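Structure record follows, encoded as structure tokens.
Please read all numbers here as calculations on a predicted model, not as lab measurements. Proteins get letters first, then strands, A, B, ... in listed order; numbering begins at 1 in each.
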Number of protein chains: 2
Amino acid sequence: MAKIDDVARLAKVSKGTVSNVFSQKRPTSDEVRERVLRVSRQLNYVPNHTARSLVTKKTMAIGLTIPHGSFFFSLFHTQFINGVILEASYYGYRVLLDIIPEQQVQTPFLTSYPIDGAVVMSPTTNDERIALMHAGQIPFVTVGKVMNEEIAHFTSVDNDNPQIMRSICEYLIDKGHTAIMFLNANALMTVSLDRKASFIQTLEKHGLPVEAHMLHHKPALNSSEYLDYGYAETIRVLGTERRKVTAIIADDDRTAFSTLKALKDLNLNVPGDVSLFVICGDLSMMVQSDPSLTSMDLQPSELGAQSVRLLMNQLGVLQGEFPEHVIVESKIIERNSVSTISS
Amino acid sequence: MAKIDDVARLAKVSKGTVSNVFSQKRPTSDEVRERVLRVSRQLNYVPNHTARSLVTKKTMAIGLTIPHGSFFFSLFHTQFINGVILEASYYGYRVLLDIIPEQQVQTPFLTSYPIDGAVVMSPTTNDERIALMHAGQIPFVTVGKVMNEEIAHFTSVDNDNPQIMRSICEYLIDKGHTAIMFLNANALMTVSLDRKASFIQTLEKHGLPVEAHMLHHKPALNSSEYLDYGYAETIRVLGTERRKVTAIIADDDRTAFSTLKALKDLNLNVPGDVSLFVICGDLSMMVQSDPSLTSMDLQPSELGAQSVRLLMNQLGVLQGEFPEHVIVESKIIERNSVSTISS
DNA sequence: TTGTAGGCGTTATCAT
DNA sequence: ATGATAACGCCTACAA
């Protein structure tokens, strides 16, 4: 691979000049630039990214930490990632997928992360990835609240989870539902805490006590019950235990689909017998399901884009005053999976 | 950030020794290692990835090029990526998401890719990404055939596309279907060529001429019709044009779902009136759909893992003899969306 | 087993 | 606008 010296020699200029032609950090005369570019093309020269990084101390890459050993993205994740990639590319940044290996890496044998900052998805309480970033002085933006004891300030994007749950519950209550079951996300996810609290609070406000069978948390990813979550809980509660439930709130699209399947197997009609509400799901999937699913649109790709913008601001790439926490709008999209109950 | 000299000084050893402790490329005495590690911890020292890369000429990252401006992954992509990430992590490699920006980047102002190799998804005919890799001497593995004129040899993983289409067609023909419509992938995708050829060939072999309304290609990603593909074609052919079609083969899960929706809107029962076969789709989605969808399991995450293994072999990380082209098994999974036609 | 010093390919500073 | 040269932080012969 040709190096900067080769180009400099052949173009009869100094390497500093060649550098300037490519980095465009200082002006160069048209004549010289032409010559340098011509020679570069001829030698197939391209600046070495690593060498440049060493001196500029910028890798032009951001990390995207995805859920632990994440085997199963939901469609929400996919769209979020799309948003991140696209927005990052606007600023010339690449995206490095960061996973935390299952088994703990031997601490001393790591190297520094070759990234300028990171977007952290699905933070958990006392998230070790976040602790690492914090210790390593790496700017980061989280999707959802950070709940690490040692960290007071952080930048994040999020939906307004308490309000989301309140809206959903009241939407259902307005339609006459009083027996509502909530299939929440995993208990470790910080979003699940807010949603749970708001679920309980809203129901109680309306004189509806929350019983054990009404609130569930998704099992851990490595659990054998993970994939089956919606199906299993629905069969158990509505089938085996024969509880009265007229509306189910599913945390994501997969859970919703598997719940739908369970209801079908129980010979329950949606929305005739049971209504189904999805918190975050891929738009195209919600529409094409039968019945199409009423859902809360969380705008995942907008969340992704916003998180990158906040990060770019922290990196000094994007100028201006940005808030510490950005709340992305969410709104209920009515389709055909929720019905009104006549009392 | 502490550097190697700081550690060396405080631990009263040379920087070479510190380097050895971390790289483990040469033995060090227990005593010295202990001391070095202790001091490192104290100073919060970690080797600088970039500096190391500059001299070793390894970035310990592989690129994963995803479809152009890829806004909409299918579940196949998602699972493939999962396979890649997991397998790469086994070898200490990170994964850099590589997208080709919509507008052509100004060629001379690029830098070298900070990757040791790449996995290229969904290659197209005369794929420019591949041409770039080829020119840049970057080892790469493709998912599917490379069809660039200047490239004769390449490493790839793939399913056996001709056989897949043959199997599917004969599976349907065996069940009495003669009016089969194929919703193929985008015409530029190299997989679509094999599938198309095999589709036509197999039908003709069984005395079933392929007419225009039986074969369709997914519009380009930037097309407004992209999301609607399955729905629109189904409505047009079975509805507006009133063609007789008893079985539809959909290229991916999204297309299948939207086709399902179209059939419903046309008041056609699946599989009573029309059978539906999906080529590649997420397992959990296929199962939870109603009816559950009969599909060809392409093992996307296995494809991902294999592609990384081939790449690691090219990079010298993984020893042994590997074939140039790996074919991953695929098999039909019967569910409830295909019925037998009595003639 | 450990120390020494040169070099990896750029950018940045200070001249000119 | 361009040149010369010292970093950037680490690895790797070679020497001890």
Side-chain angles (χ1 to χ4, degrees), chain A residues 1-37 39-40 43-61 92 108-116 136-137, chain B residues 1-37 39-40 43-61 92 108-116 136-137:
Chain A
M1 209 72 280
K3 27 202 275 193
I4 203 170
D5 306 76
D6 303 332
V7 176
R9 201 176 320 117
L10 221 79
K12 299 192 193 308
V13 293
S14 73
K15 25 195 259 184
T17 301
V18 177
S19 174
N20 291 330
V21 168
F22 281 94
S23 69
Q24 294 176 294
K25 297 206 174 176
R26 286 196 321 191
T28 49
S29 70
D30 291 1
E31 185 199 330
V32 168
R33 182 175 43 250
E34 291 290 306
R35 197 163 72 231
V36 167
L37 289 180
V39 171
S40 301
L43 296 182
N44 222 317
Y45 169 78
V46 181
N48 179 301
H49 178 92
T50 306
R52 176 180 284 179
S53 286
L54 183 58
V55 42
T56 60
K57 298 191 180 314
K58 284 183 181 303
T59 64
M60 297 308 281
F109 302 113
L110 289 166
T111 71
S112 63
Y113 274 24
I115 54 175
D116 298 337
Q137 313 261 43
Chain B
M1 209 73 281
K3 28 203 272 194
I4 203 169
D5 306 77
D6 302 332
V7 176
R9 201 175 321 117
L10 220 80
K12 298 191 194 310
V13 294
S14 73
K15 24 193 259 185
T17 302
V18 177
S19 173
N20 292 328
V21 168
F22 281 94
S23 70
Q24 293 176 295
K25 295 210 172 170
R26 286 197 320 194
T28 50
S29 70
D30 291 2
E31 187 198 328
V32 168
R33 181 172 45 248
E34 292 289 307
R35 199 163 70 232
V36 167
L37 290 179
V39 170
S40 301
L43 296 182
N44 224 317
Y45 169 77
V46 181
N48 180 301
H49 178 91
T50 306
R52 175 179 285 178
S53 287
L54 183 57
V55 41
T56 60
K57 297 188 180 314
K58 283 182 180 306
T59 63
M60 297 308 281
F109 303 114
L110 288 166
T111 71
S112 64
Y113 276 24
I115 55 175
D116 297 338
Q137 312 261 41

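- Closest contact between the side chain of A:K15 and the listed nucleotides D:dT2, D:dA6, C:dG3 involves D:dA6.
- Salt-bridge annotation for B:K58 and B:D116: absent, with no side-chain N of the basic residue lying under 4.0 Å from a carboxylate O of the acidic one.
- A close approach under 4.0 Å does occur between a side-chain nitrogen or oxygen of A:S14 and OP1 or OP2 of D:dG3.
- Legend: residues meeting side chain to side chain donor-acceptor pair (under 3.5 Å) with A:N20, ordered by chain and number and at least two apart, are absent.
- Side chains of A:T50 and A:S53: no donor on one and acceptor on the other come within 3.5 Å.
- The base of C:dT10 is not paired with the side chain of A:K3 by any donor and acceptor separated by under 3.5 Å.
- Applying the 4.0 Å criterion to OP1 and OP2 of C:dT10, one finds that A:S19 has every side-chain N and O outside that range.
- The side chain of B:A51 approaches D:dG9 more closely than any other nucleotide in the set C:dT2, D:dG9, D:dT12.
- With salt bridges taken as basic N to acidic carboxylate O contacts below 4.0 Å, none links A:K3 and A:D6.
- Looking at the side chain of A:V13, the nearest of the listed nucleotides C:dT11, D:dT2, D:dG3 is D:dG3.
- Residue B:R52 has its side chain nearest to D:dC10 when only D:dT12, C:dT10, D:dC10 are considered.
- Distances shown here put every side-chain N or O of B:S23 at or beyond 4.0 Å from the OP1 or OP2 atom of D:dC10.
- Looking at heavy-atom distances under 4.0 Å, A:K12 makes contact with sugar-phosphate atoms alone, never a base.
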Could you write out each protein N or O paired with an N or O of nucleotides 13-16 of chain D at a distance under 3.5 Å?
unit_1, atom_1, unit_2, atom_2, d
D:dC14, N4, B:R26, NH1, 3.0

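- Between A:K57 and D:dG9 there is a side-chain polar atom (N or O) within less than 4.0 angstrom of OP1 or OP2.
- Side-chain nitrogen and oxygen atoms of A:T17 include none within less than 4.0 Å of the OP1 or OP2 phosphate oxygen of D:dA1.
- The side chain of A:V55 has C:dA12 as its nearest neighbour among C:dA12, C:dG3, D:dG3.
- Among residues two or more places apart in sequence or in another chain, the side chain to side chain donor-acceptor pair (under 3.5 Å) test is passed with B:T56 by none.
- OP1 or OP2 of D:dC11 has not a single side-chain nitrogen or oxygen of B:K25 nearer than 4.0 Å.
- When A:L37, A:V36, A:V21 are each tested for a side-chain contact (heavy atoms from CB on, under 4.5 Å) with A:V7, only one passes: A:V36.
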